[in-house]
Novice: 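What follows is a structure written as structure tokens; I'll ask about it next.
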Amino acid sequence: MNGEATMNMRWAKRVDRFLDIGQAKEQGFQIVQLPVAEIMRLDDRAFRDVKIDLLESGLSFEVFESPLPEGVNTTERGFNIYAWIEYLKKAIGRISELGCKTLVWGDGQARILPEEGEATVLKENFNQFLFMVAEITEKKGIVFCLEPLGPKKTNFLNSLEEVVGVLSSVGKKNLAIAIASSDIIETNMKIEDIVHYGDLIAHAYLDSLEEVAGSSRREAASPQALSMPNDILFLSILKKISYNKVIALPNNADSETLLLCKEAWNRV
């Protein structure tokens with residue numbers, strides 16, 4: 001991996017609430033990743049006040065996640081594309097004002113297809129919705145990422161190849177892929193496919209920190225990739241594709257685990 005990419009790779013902490021932002025800063029994180037719903041629950045006046053506080057915090061809010069509220073399913077019958085596009089215009093406008101450059105959509109419940117009938121039509125509706133969201137984010141200079149998810153989370157877009165297929169059919173240049181360390185197992189993701197589609201990967205998550213912490217008490221990871229703990233393997237794959245964007249850690253990350261992750265990244 002080249003030196004420039006090493007400098008540019010950044011660590012974020014995923015938080016659910018504004019209340020957790022201060023703690024993340026104290027723990028040494030420079031980027032905080034919030035769900036869009038936390039921004040959208042504010043009225044316009046409250047948002048203006050919060051915006052000032054966030055922009056003066058010294059933190060970066062370059063990544064947001066979950067563009068739609070919990071419980072909204074874009075692939076169910078009767079989903080109102082235009083009503084939710086209006087919601088997203090406001091939401092994306094707000095996160096753009098906070099410096100968002102990447103919006104991640106990994107909510108499995110937001111894309112569950114009915115078990116019978118109409119699947120083709122609903123998939124077409126999803127593509128139309130995705131195109132419209134991509135247009136809005138593109139105007140704000142934001143990359144919009146889809147995450148392949150395992151069958152326990154959704155029955156639609158369950159592989160890297162399926163996500164790539166949808167991105168290709170929609171055809172917007174600001175559409176990209178987010179992947180989590182758990183996705184490798186849950187979607188039977190092949191390492192060679194991650195490498196092949198590496199240029200499309202614009203965001204990454206570490207889901208669990210136990211393996212990273214455990215690896216710090218062992219010698220450097222084995223060069224045999226399949227013998228590595230999953231999270232260490234994940235970091236090694238990202239290193240292989242010269243990944244130079246943000247890796248987000250879970251809500252239970254602290255200063256110690258941030259340090260361990262940095263050490264693991266330098267070691268793989």
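Along the sequence shown, residues are numbered consecutively beginning with 1. Model, not experiment: these values are computed from the prediction.
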Novice: What about Val104 and Leu59, same hydrophobic cluster or not, with Ile/Leu/Val/Met/Phe/Trp/Tyr joined at side-chain heavy-atom distances under 4.5 Å?
Specialist: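 No; Leu59 is not reachable from Val104 via cluster members.
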Novice: Would you indicate whether the side-chain heavy atoms of Tyr87 and Pro69 approach each other to under 4.5 Å?
Specialist: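 Pro69 vs Tyr87: side chains touch.
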Novice: At what distance, to the nearest 0.5 angstrom, does CG of Leu200 lie from CG of Leu146?
Specialist: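 Here the interatomic distance stands at 11.5 Å.
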Novice: Treating Asn244 as the side-chain partner and Asn8 as the backbone partner, does any N or O pair qualify as donor plus acceptor under 3.5 Å?
Specialist: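 It does not hold such a pair.
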Novice: Can you see which heavy atom on Ala253 is nearest to which on Lys13, and at what distance?
Specialist: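 Closest pair (atom of Ala253, atom of Lys13, distance): O-NZ, 2.9 Å.
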Novice: Flag yes if Ile237 and Val163 sit in one hydrophobic cluster, no otherwise; membership is Ile, Leu, Val, Met, Phe, Trp, Tyr, and two members link when side-chain heavy atoms are under 4.5 Å apart.
Specialist: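 Yes: a chain of side-chain contacts under 4.5 Å links Ile237 to Val163.
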Novice: Would you say the side-chain atoms of Arg10 pair up with the backbone N or O of Val246, donor to acceptor, closer than 3.5 Å?
Specialist: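 Flag not set: sc Arg10 to bb Val246 has no pair under 3.5 Å.
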Novice: Side-chain heavy atoms under 4.5 angstrom apart, residues restricted to Ile, Leu, Val, Met, Phe, Trp, Tyr: same cluster for Val63 and Met9?
Specialist: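 No; tracing contacts between hydrophobic side chains, which count when under 4.5 Å, never links both residues.
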Novice: What distance do Leu206 atom CG and Phe234 atom CZ have between them, rounded to the nearest 0.5 Å?
Specialist: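 Rounded to the nearest 0.5 Å, the CG-CZ separation comes out at 6.0 Å.
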Novice: Can you check side chain to side chain contact (heavy atoms under 4.5 Å, CB included) on Thr137 and Val143, steps first, answer last?
Specialist: CA-CA 7 Å; Thr137 49; Val143 174; over 6 Å; no
Novice: Do Asn230 and Ser181 pair up side chain to side chain, a donor and an acceptor below 3.5 Å, judged on atom types alone?
Specialist: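 No, because no side-chain N or O of Asn230 sits under 3.5 Å from a partner of the opposite role on Ser181.
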Novice: What closest approach, in Å, do Met40 and Ala91 show between heavy atoms, and which atom pair accounts for it?
Specialist: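 Closest approach of Met40 to Ala91, heavy atoms only: SD-CA, 3.4 Å.
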Novice: Please confirm whether the backbone N or O of Ala134 pairs with a side-chain atom of Asn174, one donor and one acceptor, at under 3.5 Å?
Specialist: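 Present.
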Novice: Mind checking whether Glu162 and Pro148 have side chains closer than 4.5 Å, heavy atoms only?
Specialist: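 No - every pair of side-chain heavy atoms lies 4.5 Å or more apart.
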Novice: Do other residues, nucleotides or ligands put more than 12 heavy atoms under 6.0 Å from the CD atom of Gln109?
Specialist: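 Open: at most 12 neighbouring heavy atoms sit under 6.0 Å from CD of Gln109.
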Novice: Arg14 vs Asp20, test: salt bridge (Lys or Arg N to Asp or Glu O under 4.0 Å). Steps then yes/no.
Specialist: CA-CA 9 Å; Arg14 300 173 73 181; Asp20 299 326; over 6 Å; no
Novice: Which value, rounded to the nearest 0.5 Å, describes the distance between Lys152 atom NZ and Ser182 atom OG?
Specialist: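 That separation rounds to 11.0 Å.
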Novice: Taking the side chain as everything from C-beta on, heavy atoms only, tell me whether Ile179 gets closer than 4.5 Å to Tyr205.
Specialist: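 No; the side chains remain at least 4.5 Å from each other.
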Novice: May I ask you to test the Pro67-Phe144 pair for a side-chain heavy-atom distance under 4.5 Å?
Specialist: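 Yes - at least one pair of side-chain heavy atoms lies under 4.5 Å apart.
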Novice: Applying side chain to side chain contact (heavy atoms under 4.5 Å, CB included), run through Glu263 and Leu259 and close with a yes or a no.
Specialist: CA-CA 6 Å; Glu263 289 175 351; Leu259 178 60; 3.8 Å; yes
Novice: Are Lys240 and Val195 close enough, and set up right, to give a side chain to side chain contact (heavy atoms under 4.5 Å, CB included), and what steps lead you there?
Specialist: CA-CA 7 Å; Lys240 190 172 184 179; Val195 173; 4.1 Å; yes
Novice: Check whether more than 12 heavy atoms from other residues, nucleotides or ligands sit under 6.0 Å from atom CD of Glu115, and answer yes or no.
Specialist: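 Counting other residues, nucleotides and ligands, CD of Glu115 stays at 12 neighbours or fewer.
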Novice: Checking ring-ring contact (aromatic ring centres under 6.0 Å, His included) for the pair Phe126/Trp105: CA distance, chi angles, key distance, verdict?
Specialist: CA-CA 13 Å; Phe126 177 85; Trp105 195 18; 5.7 Å; yes
Novice: Which atom names give the shortest non-hydrogen contact between Leu113 and Ala119, and what distance separates them?
Specialist: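 For Leu113 versus Ala119, the nearest heavy atoms are CD2-O, 4.3 Å.
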Novice: Determine the minimum heavy-atom distance between Ile247 and Leu238, stating which atoms define it.
Specialist: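 Between these two residues, the closest heavy atoms are CD1-CD1, 3.7 Å.
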Novice: With a 4.5 Å cut-off on side-chain heavy atoms, are Leu103 and Val36 touching?
Specialist: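 They are in side-chain contact.
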Novice: Are any side-chain N or O atoms of Tyr243 and backbone N or O atoms of Gly198, one a donor and one an acceptor, separated by less than 3.5 Å?
Specialist: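 It does not hold such a pair.
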Novice: Can you check side chain to side chain contact (heavy atoms under 4.5 Å, CB included) on Phe61 and Cys100, steps first, answer last?
Specialist: CA-CA 6 Å; Phe61 299 90; Cys100 179; over 6 Å; no
Novice: Quick one, Ile194 and Lys190 - any side-chain contact, counting heavy atoms below 4.5 Å?
Specialist: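 No. Closest side-chain heavy atoms not under 4.5 Å.
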Novice: Look at atom CD of Gln30 and say whether more than 12 heavy atoms of other residues, nucleotides or ligands are closer to it than 6.0 Å.
Specialist: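 No, because the 6.0 Å sphere around CD of Gln30 holds 12 heavy atoms or fewer from other groups.
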Novice: My understanding is that only residues two or more places apart in sequence, or in another chain, count here; which of them pass side chain to side chain contact (heavy atoms under 4.5 Å, CB included) with Leu42?
Specialist: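 Partners of Leu42 under the side chain to side chain contact (heavy atoms under 4.5 Å, CB included) test: Phe18, Ala46, Phe47, Val50, Arg94.
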Novice: If hydrophobic clusters are built by linking Ile, Leu, Val, Met, Phe, Trp and Tyr wherever their side-chain heavy atoms come under 4.5 Å apart, do Val32 and Leu249 end up in the same one?
Specialist: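 Val32 clusters together with Leu249.
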Novice: Under 3.5 Å, is there a donor-acceptor pair between the side chain of Lys89 and the main chain of Ile136?
Specialist: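 No, Lys89 side chain to Ile136 backbone: no donor-acceptor pair under 3.5 Å.
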Novice: Can you confirm whether Leu34 sits close enough to Ile21 that some side-chain heavy atom of one is under 4.5 Å from a side-chain heavy atom of the other?
Specialist: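 Contact flag for Leu34/Ile21 side chains = yes.
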Novice: Evaluate the side-chain proximity of Lys101 to Ile142: yes if any heavy-atom separation is below 4.5 Å, no if none is.
Specialist: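 Result no, sub-4.5 Å side-chain heavy-atom pair not found.
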Novice: For a quick test of reading the model, state the closest non-hydrogen atom pair linking Cys145 to Ala202 and the distance between them.
Specialist: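 Result for this residue pair: SG-CB, 3.7 Å.
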Novice: Say you draw a straight line from OG of Ser57 to CG of Leu98; how long is it, rounded to the nearest 0.5 Å?
Specialist: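 It comes to 9.5 Å.
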Novice: Tell me whether the guanidinium CZ or amine NZ of Lys172 lies under 6.0 angstrom from the six-membered ring centre of Phe131 and within 45° of its axis.
Specialist: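 Pair Lys172/Phe131 counts as cation-pi.
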Novice: Hey, are Asn158 and Thr187 close enough side-chain-wise for a donor-acceptor pair under 3.5 Å?
Specialist: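 Looking only at side-chain atoms, Asn158 and Thr187 do not form any donor-acceptor pair under 3.5 Å.
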Novice: By side chain to side chain donor-acceptor pair (under 3.5 Å), which residues pair with Lys51, not counting sequence neighbours?
Specialist: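 With sequence neighbours excluded, Lys51 shows a side chain to side chain donor-acceptor pair (under 3.5 Å) to Glu97, given in chain and number order.
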Novice: Which pairs would a plain distance check flag for residues 73-85, meaning a side-chain donor or acceptor within less than 3.5 Å of a matching protein atom at least two apart in sequence or in another chain?
Specialist:
unit_1	atom_1	unit_2	atom_2	d
Asn73	OD1	Thr75	N	3.0
Asn73	OD1	Thr75	OG1	2.9
Asn73	OD1	Ile112	N	3.3
Asn73	ND2	Ile112	O	2.9
Thr74	OG1	Ala110	O	2.7
Thr75	OG1	Ile112	N	3.1
Thr75	OG1	Ile112	O	2.9
Arg77	NE	Glu118	OE1	2.1
Arg77	NH2	Glu116	O	3.1
Asn80	OD1	Tyr82	N	3.3
Asn80	OD1	Ala83	N	3.0
Tyr82	OH	Gln128	NE2	3.2

Novice: May I ask you to decide if Leu149's main-chain N or O and Asp183's side chain share a donor-acceptor pair within less than 3.5 Å?
Specialist: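 Here the side-chain-to-backbone pair does not exist.
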Novice: Determine whether the side chains of His203 and Gln33 contain a donor N or O and an acceptor N or O closer than 3.5 Å.
Specialist: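 There is such a pair between these side chains.
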Novice: Is there a donor-acceptor contact under 3.5 Å from the side chain of Lys153 to the main chain of Asp107?
Specialist: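 Not a single qualifying donor-acceptor pair exists.
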Novice: Rounded to the nearest 0.5 Å, what's the gap from CZ on Arg111 to CD on Glu147? Could you check?
Specialist: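 CD of Glu147 is found 7.5 Å from CZ of Arg111.
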Novice: Check the hydrophobic clustering (I, L, V, M, F, W, Y; side-chain heavy atoms under 4.5 Å; chains of links allowed) and say if Leu160 and Leu157 are grouped together.
Specialist: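 Linked within one cluster.
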Novice: Could you grab the distance from atom NZ of Lys90 to atom CD1 of Ile95, nearest 0.5 Å is fine?
Specialist: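 That separation rounds to 14.0 Å.
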Novice: Give a yes or no on whether the backbone of Glu256 and the side-chain of Asp254 come within a donor-acceptor separation of less than 3.5 Å.
Specialist: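 Flag set: sc Asp254 to bb Glu256 pair under 3.5 Å.
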Novice: If you look at every heavy atom in Ala264 and Leu235, which pair is closest and at what distance?
Specialist: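 The pair with the smallest heavy-atom distance is CB-CD1, 3.9 Å.
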